[in-house]
Amino acid sequence: MSLGAEEDSASEIHLPADIDWQMLDKSKFFFLGAALFSGVSATLYPVVVLKTRQQISQAQLSCIKTAFAIVRHEGLRGLYRGFGTSLMGTIPARALYMTALEVTKSNVGTATVRLGLPEPTAAAVANAAAGLSAAMAAQLVWTPVDVISQRLMVQGTGSAPAAANCKYSGGIDAFRKILVSDGLRGLYRGFGMSILTYAPSNAVWWASYSVTQRLVWGGIGYYSCRKEVEYGGGRSGGVVYRPDSKTVAAVQGVSAAMAGGVSALITMPLDTIKTRLQVLEGEENGRRAPTVGQTVRNLLKEGGWVACYRGLGPRWASMSMSATTMITTYEFLKRLSAKSQETLA
């Protein structure tokens with residue numbers, strides 16, 4: 001991949017070759033991916049717990065106060081409630097996500113280039129389509145895991161709805177009780193909202209990541225060109241810049257964090273509604289669980305539209321950090337899993 005930037009002379013950036021689906025050793029890709037992303041999940045999980053606690057709280061509490069309250073009353077283990085269940089679901093969900101992502105990106109990218117679209121536009125379209133299909137595929141596994149892990153995150157807390165205070169002895173016990181009380185529908189509570197939240201969010205994220213990365217590299221190329229001209233370097237011949245692996249990873253990380261922050265801001269109200277729907281039980285004592293409309297009205301009564309953004313800080317941090325670690329880990333994983341190391345030259 002090469003990018004260009006022009007001023008008085010041309011500046012060209014030569015990046016390592018892209019690795020597509022056909023170039024990957026699939027067994028290595030999935031095995032190493034499970035190990036790497038399990039580590040990422042373990043690192044970021046406490047932030048997810050904080051976000052979930054704030055979203056279901058009927059009072060406005062800061063992230064720091066929520067964290068201290070959890071540690072004071074539940075110990076450090078409180079920050080990892082439901083982690084085992086979440087981890088078990090992360091592995092198959094990530095496998096589905098990565099497969100759908102790479103297959104769609106490869107096929108759509110080829111199709112858009114054949115249609116004559118410019119390479120930057122084709123890349124953005126392919127990334128958006130890949131993010132959309134990957135999110136929809138992953139939610140088939142992730143929604144039930146999300147329902148169970150979030151119930152475990154908030155059970156026994158004074159801020160949780162009464163139905164969420166029910167004690168579960170673990171993920172399997174929660175799965176059994178939800179299935180008995182609500183059936184399969186209970187495990188897929190909030191599935192529609194999850195699709196509405198994550199599918200557009202992923203499409204926007206992958207498309208904006210592609211665009212942002214090009215803008216950052218363009219800025220680096222512009223800087224390199226200016227520097228070369230300033231110090232009397234080849235004005236006519238231009239500049240060829242070959243970044244090292246650390247620079248490539250840094251640009252990917254910055255681009256991912258920027259895209260993740262924007263996605264978090266746009267989809268925050270949908271995520272809050274989804275979380276509340278998933279934490280509540282189904283019919284209990286003759287009363288039906290709140291609908292999407294009732295959940296929105298309850299939030300507005302509690303604090304107006306600001307209530308829909310409870311947990312924005314942790315979610316912003318979580319999505320930015322997750323995006324940064326995910327993309328750098330993902331690119332590293334693809335390079336480790338390439339069938340032939342000659343393709344990396």
Side-chain angles (χ1 to χ4, degrees), residues 46-70 81-82 135-136 139 142-144 146-166 178 181-182 185-205 260-320 322:
V47 183
V48 178
V49 173
L50 290 176
K51 184 240 353 161
T52 303
R53 292 287 185 92
Q54 285 189 292
Q55 286 178 318
I56 59 93
S57 175
Q58 296 180 358
Q60 183 68 39
L61 295 174
S62 70
C63 180
I64 296 176
K65 288 183 178 179
T66 303
F68 276 115
I70 292 173
R81 278 194 176 191
M136 294 179 70
Q139 284 307 311
W142 189 248
T143 297
D146 215 16
V147 170
I148 295 171
S149 62
Q150 286 181 147
R151 297 276 184 96
L152 294 173
M153 285 180 199
V154 303
Q155 70 171 349
T157 63
S159 59
N165 288 325
C166 175
I178 294 171
S181 62
D182 291 342
R185 185 176 62 178
L187 293 171
Y188 278 89
R189 184 176 297 279
F191 178 71
M193 289 300 300
S194 295
I195 294 295
L196 287 175
T197 300
Y198 294 121
S201 174
N202 268 263
V204 170
W205 188 90
V262 172
S263 296
L265 183 63
I266 293 173
T267 60
M268 186 66 208
L270 292 173
D271 188 69
T272 300
I273 296 167
K274 173 192 72 69
T275 300
R276 288 206 168 197
L277 288 173
Q278 290 178 330
V279 166
L280 295 176
E281 294 276 5
E283 295 186 8
E284 185 175 342
N285 298 326
R287 293 182 301 174
R288 294 179 63 85
T291 63
V292 173
Q294 290 171 333
T295 301
V296 173
R297 286 193 291 272
N298 290 339
L299 281 166
L300 294 178
K301 287 180 182 178
E302 290 171 16
W305 286 107
V306 176
C308 296
Y309 283 87
R310 284 177 184 162
L312 176 61
R315 187 165 190 259
W316 183 291
S318 175
M319 287 192 69
S320 296
S322 177

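Every value quoted in this text rests on a predicted model; they were computed, and no experiment measured them.
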Within the distance-only criterion (no hydrogens, no angle test), does the side chain of Arg53 pair as donor or acceptor with the backbone N or O of Met153 below 3.5 angstrom? yes
Taking all non-hydrogen atoms of both residues into account, name the closest pair between Ser149 and Gly82 and its distance. CB-O, 3.8 Å
For the OG1 atom of Thr267 and the OH atom of Tyr198, what is their distance to the nearest 0.5 Å? 8.0 Å
Looking at CD1 of Ile266 and CG of Asp271, how far apart are the two atoms once the value is rounded to the nearest 0.5 Å? 13.5 Å
So, using side chain to side chain donor-acceptor pair (under 3.5 Å) as the criterion, who are the partners of Thr52 when residues are at least two apart? none
Pro200 and Ile195 have their tightest heavy-atom pair at CD-O, 3.2 Å
Of the non-hydrogen atoms in Cys63 and Gln54, which two are nearest, and what is the gap between them? N-NE2, 3.3 Å
Please assess Met193 against Leu196 for the test side-chain contact (heavy atoms from CB on, under 4.5 Å), listing each intermediate value before the final yes or no. CA-CA 5 Å; Met193 289 300 300; Leu196 287 175; 4.2 Å; yes
Check Gly311 against Met268 and note the closest heavy-atom contact, atom names and distance. C-CE, 3.7 Å
Would you check if the side chain of Arg315 reaches a backbone N or O of Lys51 as a donor-acceptor pair within less than 3.5 Å? no
Which atom names give the shortest non-hydrogen contact between Ala135 and Ala199, and what distance separates them? CB-CA, 3.8 Å
Given the rule in the side-chain contact (heavy atoms from CB on, under 4.5 Å) test, do Thr295 and Thr272 qualify, once you have shown the distances and angles that lead to the verdict? CA-CA 10 Å; Thr295 301; Thr272 300; over 6 Å; no
Output the distance between atom CD1 (Ile178) and atom CZ (Arg185), rounded to the nearest 0.5 Å. 13.5 Å
Decide side-chain contact (heavy atoms from CB on, under 4.5 Å) for Leu299 and Trp305; before the verdict, give the C-alpha distance in whole Å, the side-chain angles of both, and the deciding distance to 0.1 Å. CA-CA 7 Å; Leu299 281 166; Trp305 286 107; over 6 Å; no
If you round to the nearest 0.5 Å, how far is NZ of Lys65 from CD1 of Ile70? 14.5 Å
Nearest-0.5 Å distance that lies between atom CZ in Arg310 and atom OG1 in Thr275: 13.0 Å
Could you state the interatomic distance from CZ (Arg189) to OG (Ser194), rounded to the nearest 0.5 Å? 12.0 Å
Okay, side chain of Arg276, backbone of Gln55: is any donor-acceptor separation there less than 3.5 Å? yes
Should Leu265 and Tyr309 be marked as a side-chain contact (heavy atoms from CB on, under 4.5 Å) after you check the CA-CA gap, both sets of side-chain angles, and the distance that decides it? CA-CA 9 Å; Leu265 183 63; Tyr309 283 87; 4.3 Å; yes
Kindly write out the residues that satisfy side chain to side chain donor-acceptor pair (under 3.5 Å) with Gln139, not counting sequence neighbours, or none if the list is empty. Thr143
